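One structure below.
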Amino acid sequence: MTRWTTATLLGALTLTSVTGLTACSDDDSPSSVASKVASAASRAGDAVSSATAEAGRRFDDIKNGVDAKDDVRLSTPATAADGRTTVRVTAANSADSAKSFAVQVDFTDKNGKLVDAVVVTVSDVPAGGSGKGTARSTHDLPGGVKAKVSRAVRY
């Protein structure tokens, strides 16, 4: 099993944004702090867009893939010891030969806002069988995160 993470920038941006906002000095007015928050939020949105664009590029590289979104199931997200959110991915292969799956897992917060996206490869799933993988967030996510299969391709 190989896992492609597509939102590394999001994790770095989140860390940078948080540390940048906690370094306020006495010269910071409420309006300048609000401006910094708005700027950080804008950069975070750009990072999520970048992550989904990178996932798209990963899928574009797959030749002769077949939509397999209905063949993929996710477990309930859990927080690992390192603080990252993980979810088990199970791909069922209905083809008559071994296939691999590329699965984009989107993590959303309790309001449905996209907070991370990763692409997981489940390799060499036998004909008529199933294979498992694990999607792991690129950074710590807020409580109440949900995971969904955004795209899946069998190839």
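Side chains are part of it too, since the values below use all heavy atoms of this structure and drop only hydrogens, waters and symmetry mates. Start at 1 with the first residue, then count along the sequence. Small disclaimer: the values here were computed from a predicted structure and weren't measured.
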query: For atom CG of Asp60, is the number of surrounding heavy atoms from other residues, nucleotides or ligands below 6.0 Å larger than 12?
result: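 Atom CG in Asp60 is packed in, count exceeds 12.
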
query = Is the CG atom of Asp61 crowded by more than 12 outside heavy atoms at less than 6.0 Å?
reply =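 Counting other residues, nucleotides and ligands, CG of Asp61 exceeds 12 neighbours.
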
Point-to-point distance, once rounded to the nearest 0.5 Å, from [atom1] of [X] to [atom2] of [Y]:
X      : Y      : atom1 : atom2 : result
Thr121 : Ile62  : OG1   : CD1   : 7.0 Å
Lys69  : Lys148 : NZ    : NZ    : 6.5 Å
Arg151 : Asp106 : CZ    : CG    : 8.5 Å
Leu141 : Lys146 : CG    : NZ    : 14.5 Å

Side-chain donor or acceptor of [X] paired with backbone N/O of [Y] under 3.5 Å:
X      : Y      : result
Asn111 : Lys113 : no
Asp116 : Thr138 : yes
Thr86  : Ala135 : no

Shortest non-hydrogen separation from [X] to [Y] and the atoms involved:
X      : Y      : result
Asp67  : Ala152 : OD1-O, 3.4 Å
Asp109 : Pro142 : CB-CG, 4.3 Å
Phe101 : Ala68  : CE2-CB, 3.7 Å
Ser97  : Ala127 : N-CB, 3.5 Å
Lys132 : Val122 : N-CG1, 3.8 Å
Val125 : Gly131 : CG1-N, 3.6 Å

Next on the checklist: Under the criterion side chain to side chain contact (heavy atoms under 4.5 Å, CB included), I'd like the reasoning laid out for Val115 against Thr108: C-alpha separation, chi angles, the key distance, then a yes or no.
Outcome noted: CA-CA 5 Å; Val115 293; Thr108 57; 5.7 Å; no

Report the C-alpha distance between Thr134 and Val120 in whole Å, list the side-chain angles of each, state the deciding distance to 0.1 Å, and finish with yes or no for side chain to side chain contact (heavy atoms under 4.5 Å, CB included). CA-CA 7 Å; Thr134 301; Val120 177; over 6 Å; no

*asked:* Quick check on the hydrophobic clustering: are Val119 and Tyr155 connected, directly or via other members, by side-chain heavy-atom contacts under 4.5 Å?
replied: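 Val119 and Tyr155: one cluster.
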
query: Could you give all pairs that pass the salt bridge (charged side-chain N to carboxylate O under 4.0 Å, His left out) test and reach residues 77-87, with sequence neighbours left out?
result: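 Every salt bridge (charged side-chain N to carboxylate O under 4.0 Å, His left out) pair that includes a residue of residues 77-87, provided the two are not neighbours, is Asp82-Arg136, Arg84-Asp140.
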
Exercise for review: Output all residues satisfying side chain to side chain contact (heavy atoms under 4.5 Å, CB included) with Ser94, sequence neighbours left out; order by chain, then residue number.
Suggested key: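 Checked Ser94 against side chain to side chain contact (heavy atoms under 4.5 Å, CB included); matches are Asp71, Arg154.
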
